[in-house]
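Notes follow the structure.
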Amino acid sequence: MFLKFKDEVSSILSNALAKAGYEADDIALSESPHADISSSVAFKLAPKYKRSPKQICEEIYKHINIPPDTYVEKAEMTGPYLNFFVSRDFFNETLLHVLLERDDFGNLDRKGKVILEHTSANPDGPLHIGHIRNSVIGDTLTRILKRAGYEVETQYYINDMGRQIAVVVWGLMNFKFDSSKKTDHAIAEVYINANKSLVDEKEHSPEVDAIMKKYETGDADTIKKFKDAIDTAMLGIKETLTRMNIHHDTFIWESQFVRGGEVDRIMKRIRELDRAKVQDGALMVDLKDMGIQKSLVIQRSDGTSLYTTRDLAYHEWKAARSDRMIDILGADHKLISSQLKAVLHILGIPEPEVVIFEFVSLPEGSMSTRRGVFISADELLDQVEKAAYEEVNKKRPETDEEFKKKVAAFVSIGAVRYDIVRVSPEKATTFDWKEALDFEKQGAPFIQYAHARACSIIKNAQDEGIVYENYDPNILVEEQELALIKKLASFGSSIDNASRELKPNLIAIYARELADAFNQFYRYVPVLSGEPEFRAARLALVDCSRIVLANALDTLGIVAPESM
RNA sequence: GGGCUCGUAGUAUAGUCCGGAUAGUACAUGGGCCUCCGGAGCCUAUGACCUGGGUUCAAAUCCCAGCGAGCCCGCCA
């Protein structure tokens, strides 16, 4: 709705500019506290036409002609600014559209197939609190892109050819596997022990090398060992992801590109490039002209491939199966991903869009699965769930055990997801238990609560036999009502921005602002307890709020509860 | 040493790409608000753009130089 309003303003303003004899490549529209949308074009034109912004603004203003049947009510001139305001139709039709489109309200109609890769943590232990920043950003972006209209396939790239997996396999042959533990945690224990042992007793290192070699050459017994180890770890990882409401459509094993010949083919293509050089028997590409000083090694002197080479093959494969590729990667992949993009570019293969997120560290420093220094996602979720349970127990002591557990589960998942997604990916964060367990913050529970409150009002209305089928939207004129409707109307615009800029935190902000607007409306405007003539329209507004709150929460992968 | 990213109230952050009208929000701190649809709520006060230059009619935003933090710079992944 807001997008349509913006388009209308845009064409009205462009026409006025043309009639006034001005040419502007940017009409400088922006949201503003002074209007529903405002323009500062006059400033932009001032130097070019050597007149004061105020003077220019007046001339444009004189030529503004607002056609009937638009969402634009009026334009005003305030100093050198042009302010535009929405019309009554805008409010009325927003409600109409929400009630008509329901779950689909806010969806856009972009087209195309997107392959989005996220999480892709090495299967050598459980996901930790750094990994799930990747998962939550990736999953939320997936939901945003789906609402924007794209067909999205999510992929988890399993690095099964790395040394760390060979260490796990070696560890499983030499250390006890604790089957009483969750499988990924048991794998981590073996991995940590194996690493310790490999540091202390260097003579075992060749055994790991031998295992790796056997896997690469396709030894059937070794392949089985790798598969078992990885499946064991992935079982636990998937369990954690499912708990967090995160799903991957496909799991791609790195080794498939070696065995399938794609890696050899891409190495051959690179070898034929002018910029390729062989140094000490290793194949390298020079990327200096692309702003990257370091040459990239494509093939080892012993003829085997490297991680990056296999990743190149993977991306070539993805490019053939999608219109758009998006990778969610940690900050440690900045250089490698720009090298990857550069090589793909040289080869004429479409490049992925890379979303980089900065590290989550512990107060004592960075995390490491290998050293056993990390807080697992499971531990975080368990602790938060426990705190959430205590909270429900305090606030709803009269409810039964099953209810409390259910609420604790969705509140904790919501709190963790929201806490991660609300911060821009480019900010590095330090994990803090006290903060993670604090429910006083205006986070997911706040939004879920607003939704539950809306549901409660609707339920009360049903019990009292109040319906809104023939509501008159024109009587919604209170400041809080109008502010709330405007917020509802802008959901699509938030999806548009978030999907365009790949910024999931915009939806987190939107959801919070919507809950805010709803709470203020609730506080000031009586729905069922007010004058009967207002009931129907206000009830309709509550239902619309409920729908859009649910849509926003769904986009964040958070449960929208009827009661909590 | 080189490269990339970040620096906004006591704390956590939005805004920065694309410069514009009183820098938005939460927690914490101080005041208020339930005979009333769910108080996990609402209202209100205090408080911030790392430093120094530059560009501009206008800088949190762009440029340069510092300072501080994180990440990367391996024939690892």
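Chain identifiers are assigned alphabetically (A, B, ...) following the order of the sequence lines, protein sequences preceding nucleic acid strands; residue numbering begins at 1 within each chain.
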Between B:A9 and B:A60, how many Å separate the two C1' atoms, rounded to a whole number? 14 Å
Atom pair distance, as rounded to whole Å: CD in A:E31 and P in B:G24: 16 Å
Take A:K427 and A:E358 through the test salt bridge (Lys or Arg N to Asp or Glu O under 4.0 Å) and record every step on the way to the result. CA-CA 6 Å; A:K427 298 259 190 183; A:E358 289 290 332; over 6 Å; no
Is the glycosidic torsion of B:C34 within 90° of 0, making it syn, or is it anti? syn
Any side-chain heavy atom of A:L541 within less than 4.5 Å of one from A:E481? yes
If we only count heavy atoms from C-beta on, is the A:I495 to A:I507 side-chain gap below 4.5 Å? yes
With sequence neighbours left out, what residues match A:D463 under salt bridge (charged side-chain N to carboxylate O under 4.0 Å, His left out)? A:K459
Rounding to a whole Å, what distance do you find between A:D432:CG and B:A12:P? 10 Å
Within this structure, what is the CD-to-C1' distance between A:E501 and B:U16, rounded to whole angstrom? 11 Å
Can you list, pair by pair, the side-chain donor-acceptor contacts under 3.5 Å of residues 515-531 of chain A, counting residues two or more places apart and other chains?
{"unit_1": "A:N519", "atom_1": "OD1", "unit_2": "A:R453", "atom_2": "NH1", "d": "2.7"}
{"unit_1": "A:N519", "atom_1": "ND2", "unit_2": "A:A515", "atom_2": "O", "d": "3.4"}

Salt bridge present between A:K394 and A:E390 (N-O < 4.0 angstrom): no
Of all the choices, B:G39, B:A40, B:C6, which nucleotide is nearest to the side chain of A:E426 once you look at every atom? B:C6
Any salt bridge linking A:D286 with A:K288? Criterion: basic side-chain nitrogen under 4.0 Å from a carboxylate oxygen. yes
Classify the side chain of A:S32 and the base of B:A21 as holding, or not holding, a donor-acceptor pair under 3.5 Å. yes
Considering residues at least two apart in sequence or located in another chain, which fulfil the salt bridge (charged side-chain N to carboxylate O under 4.0 Å, His left out) criterion with A:R300? none
Atom pair CZ/CE of A:R275 and A:M290 - distance to nearest 0.5 Å: 6.5 Å
Between B:A40 and A:R396, is there an OP1 or OP2 to side-chain N/O distance shorter than 4.0 Å? no
So how far is it from A:E31 CD to A:I37 CD1, rounded to the nearest 0.5 Å? 6.0 Å
Which of residues 525-532 of chain A have a heavy atom under 4.0 Å from RNA chain B? A:V525, A:P526, A:V527, A:L528, A:S529
Under a 3.5 Å cut-off on both pairing distances, which runs of 3 or more consecutive Watson-Crick or G-U pairs involve RNA chain B? B:1-7 with B:67-73, B:10-13 with B:24-27, B:29-33 with B:41-45, B:50-54 with B:62-66
At 4.0 Å (heavy atoms only), tell me whether A:V407 reaches a base, stays on the sugar-phosphate, or touches nothing. base
If a protein heavy atom is under 4.0 Å from the base, mark B; if only from the sugar-phosphate, S; if neither, -; do that for nucleotides 42-48 of chain B going 5' to 3'. SS-----
I want to check one thing: is the phosphate of B:A14, taken as OP1 and OP2, less than 4.0 Å away from some side-chain N or O of A:K427? yes
Carboxylate-amine/guanidinium proximity below 4.0 Å for A:K44 and A:D25: no
Between B:U51 and B:A14, how far apart are the C1' atoms? Round to whole Å, please. 23 Å
With sugar-phosphate meaning primed atoms plus P, OP1 and OP2, does A:R535 contact a base, only sugar-phosphate, or nothing at under 4.0 Å between heavy atoms? nothing
If I pick the P atom on B:A23 and the same atom on B:A12, what distance separates them, to the nearest angstrom? 23 Å
Within the 4.0 Å heavy-atom criterion, would you say A:L283 contacts the bases, only the backbone, or no part of the nucleic acid? nothing
Do the side chains of A:F43 and A:P80 get nearer than 4.5 Å, heavy atoms only? yes
Closer than 4.0 angstrom, basic N to acidic O: yes or no for A:K74 and A:E76? yes
Length of the line joining A:I230:CD1 and B:A77:P, which is rounded to integer Å: 14 Å
Whole angstrom value for the distance that separates P of B:U13 from CZ of A:R422: 7 Å
Polar side-chain contact A:S38-B:A21 base: donor and acceptor under 3.5 Å: yes
Salt bridge (charged side-chain N to carboxylate O under 4.0 Å, His left out) partners of A:D124, counting only residues at least two apart: none
Can you measure A:N134 atom CG to B:A77 atom C1' for me and round it to whole angstrom units? 15 Å
For A:D280, all residues meeting salt bridge (charged side-chain N to carboxylate O under 4.0 Å, His left out), sequence neighbours excluded: none
Name all pairs fulfilling the ring pair (Phe, Tyr, Trp, His ring centres under 6.0 Å) condition that reach into residues 433-458 of chain A, sequence neighbours left out, sorted by first residue then second. A:F431-A:W433
Close approaches to RNA chain B from residues 293-307 of chain A, in residue order (heavy atom, under 4.0 Å): A:K294, A:V297, A:R300, A:S301, A:L306, A:Y307
Heavy atoms under 4.0 Å, any strand shown: does A:N83 hit a base, just sugar-phosphate, or nothing? base
Quick one: label A:K44 by what it contacts on the DNA or RNA (base, sugar-phosphate, nothing), any heavy atom closer than 4.0 Å. base
Does the pair A:H315 and A:D327 meet the rule for a side chain to side chain donor-acceptor pair (under 3.5 Å), with working shown? CA-CA 10 Å; A:H315 279 85; A:D327 297 350; 2.6 Å; yes
Go nucleotide by nucleotide along RNA chain B from the 5' end; which of A:G291 and A:P425 gets its closest nucleotide reached first? A:G291
Please give, in whole Å, the distance from B:G39 P to A:K394 NZ? 17 Å
Tell me what A:M161 touches on the nucleic acid: a base, only sugar-phosphate, or nothing, going by heavy atoms under 4.0 Å. nothing
Whole-angstrom distance between B:A28 and B:A40, as gauged at atom P: 15 Å
B:U35 and B:G31, which share atom name C1', separated by this distance in whole Å: 24 Å
For A:Y510, give me all partners under ring pair (Phe, Tyr, Trp, His ring centres under 6.0 Å), at least two apart in sequence or on another chain. A:F491
At 4.0 Å (heavy atoms only), tell me whether A:Q339 reaches a base, stays on the sugar-phosphate, or touches nothing. nothing
Using the C1' atom as the point on both nucleotides, what is the distance between B:G7 and B:U16, in whole Å? 13 Å
When you compare the side chain of A:R133 with that of A:I129, does any pair of heavy atoms fall below 4.5 Å? no
Heavy-atom nearest nucleotide on RNA chain B for A:V423 versus A:M564: which residue maps closer to 5'? A:V423
If we take the P atom in both B:C72 and B:C57, what is their distance in whole Å? 44 Å
Please work out if A:A46 contacts a base, only the sugar-phosphate, or nothing of the nucleic acid, heavy-atom cut-off 4.0 Å. nothing
Short N/O separations, protein against nucleotides 49-51 of chain B, under 3.5 angstrom:
none

What integer number of Å spans the P atoms of B:C76 and B:C49? 49 Å
Classify A:T429 by what it touches in the nucleic acid, base, sugar-phosphate, or nothing, heavy-atom distance under 4.0 Å. sugar-phosphate
